Amino acid sequence: MNRSIITVVGKDQVGIIAKVCTYLAANNINILDISQTIVQGFFNMMMITDTNNATKEFKVLSDELAELGNEIGCIIKLQREEIFLRTQRI
């Protein structure tokens, strides 16, 4: 399994989860776990996903999610699980 972490941060608005999940489904990415909160109007979501059967290369997925974030006014980052865990130790 190729586990990846997706983080989404931005001002809360209707449709953020729907747009991100629609993109993931269209690219055959499975959501294994998800957590989302809204604090004083700011949206924060973290997903653990399985990109093993993704239809595109990791770099393309990362770039497209970042672009989707730009379109909806959020910052979306896709990271491989091992990189995410290492950066959290620093």
Side-chain angles (χ1 to χ4, degrees):
M1 183 180 314
N2 294 323
R3 289 170 38 135
S4 299
I5 309 300
I6 297 172
T7 55
V8 181
V9 178
K11 190 156 175 53
D12 187 35
Q13 61 182 303
V14 173
I16 295 173
I17 296 172
K19 290 174 184 171
V20 173
C21 290
T22 297
Y23 175 86
L24 298 179
N27 288 283
N28 207 31
I29 297 170
N30 188 36
I31 299 168
L32 302 173
D33 201 356
I34 184 172
S35 172
Q36 66 94 28
T37 58
I38 300 168
V39 177
Q40 294 186 6
F42 290 94
F43 178 85
N44 185 32
M45 178 169 63
M46 180 176 167
M47 302 170 132
I48 300 172
T49 61
D50 178 5
T51 55
N52 196 51
N53 296 317
T55 57
K56 297 176 182 170
E57 292 182 17
F58 189 87
K59 173 72 169 127
V60 173
L61 295 169
S62 179
D63 291 346
E64 288 182 355
L65 281 167
E67 179 56 34
L68 175 61
N70 287 335
E71 292 171 12
I72 62 175
C74 293
I75 297 169
I76 303 178
K77 293 192 179 209
L78 172 66
Q79 300 176 57
R80 296 186 192 279
E81 180 183 40
E82 60 273 11
I83 301 299
F84 179 82
L85 291 174
R86 287 187 182 138
T87 60
Q88 298 306 307
R89 282 190 230 161
I90 295 175

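Numbering starts at 1 and runs along the sequence shown. None of these values were measured; they are calculated from a predicted model.
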With a 4.5 Å cut-off on side-chain heavy-atom distances among I, L, V, M, F, W and Y, is there a chain of contacts connecting [X] to [Y]?
| X | Y | value |
| --- | --- | --- |
| Phe58 | Val20 | yes |
| Ile5 | Ile16 | no |
| Val8 | Met47 | yes |
| Ile38 | Met46 | no |
| Val60 | Ile76 | no |

- Item | Test applied, side-chain contact (heavy atoms from CB on, under 4.5 Å); reference residue, Met45; option that passes from Ile17, Ile6, Thr7 |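 For Met45, the side-chain contact (heavy atoms from CB on, under 4.5 Å) check succeeds only for Ile17.
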- Message: Working note: Val39 + Asn44, criterion side-chain contact (heavy atoms from CB on, under 4.5 Å); need CA distance, chi angles, decisive distance, verdict.
- Response: CA-CA 8 Å; Val39 177; Asn44 185 32; over 6 Å; no
- Query: NZ of Lys11 to CD of Gln40: how many Å apart, nearest 0.5 Å?
  - Reply: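 The NZ atom of Lys11 sits 10.5 Å away from the CD atom of Gln40.
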- Message: To the nearest 0.5 Å, what is the distance between CG on Asn52 and CZ on Arg3?
- Response: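 So the CG of Asn52 and the CZ of Arg3 are separated by 12.5 Å.
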Nearest heavy-atom neighbours spanning [X] and [Y]:
| X | Y | answer |
| --- | --- | --- |
| Gly10 | Cys74 | CA-SG, 4.0 Å |
| Leu78 | Ser62 | CD2-N, 3.7 Å |
| Ala54 | Leu61 | CB-CD1, 3.7 Å |

- Return yes when atom CD of Glu71 has more than 12 non-hydrogen atoms of other residues, nucleotides or ligands closer than 6.0 Å, and no otherwise.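 Counting neighbours around CD of Glu71, more than 12 heavy atoms of other residues, nucleotides or ligands fall under 6.0 Å, so yes.
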- Message: Are there over 12 heavy-atom neighbours, none belonging to Leu32, within less than 6.0 Å of that residue's CG?
- Response: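 Enclosed.
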- Task: If you link ILVMFWY side chains whenever their heavy atoms are less than 4.5 Å apart, which other residues fall into the same cluster as Val9? By chain and number, please.
- Result: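 None, because no other hydrophobic side chain comes under 4.5 Å of this residue.
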- Among pairs that include at least one residue of residues 27-37, which meet side chain to side chain donor-acceptor pair (under 3.5 Å), considering only residues two or more places apart or in two chains?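 Matches after skipping sequence neighbours: Asn27-Thr55, Asn27-Lys56.
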- What pairs of residues pass the side chain to side chain donor-acceptor pair (under 3.5 Å) test when at least one of them lies in residues 15-25, not counting sequence neighbours?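 Passing the test, one end in residues 15-25: Tyr23-Glu64.
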- Message: Given 3.5 Å as the limit, does a donor-acceptor pair link the side chain of Ser4 with the main chain of Thr49, or not?
- Response: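 Not confirmed, Ser4 side chain does not pair with Thr49 backbone.
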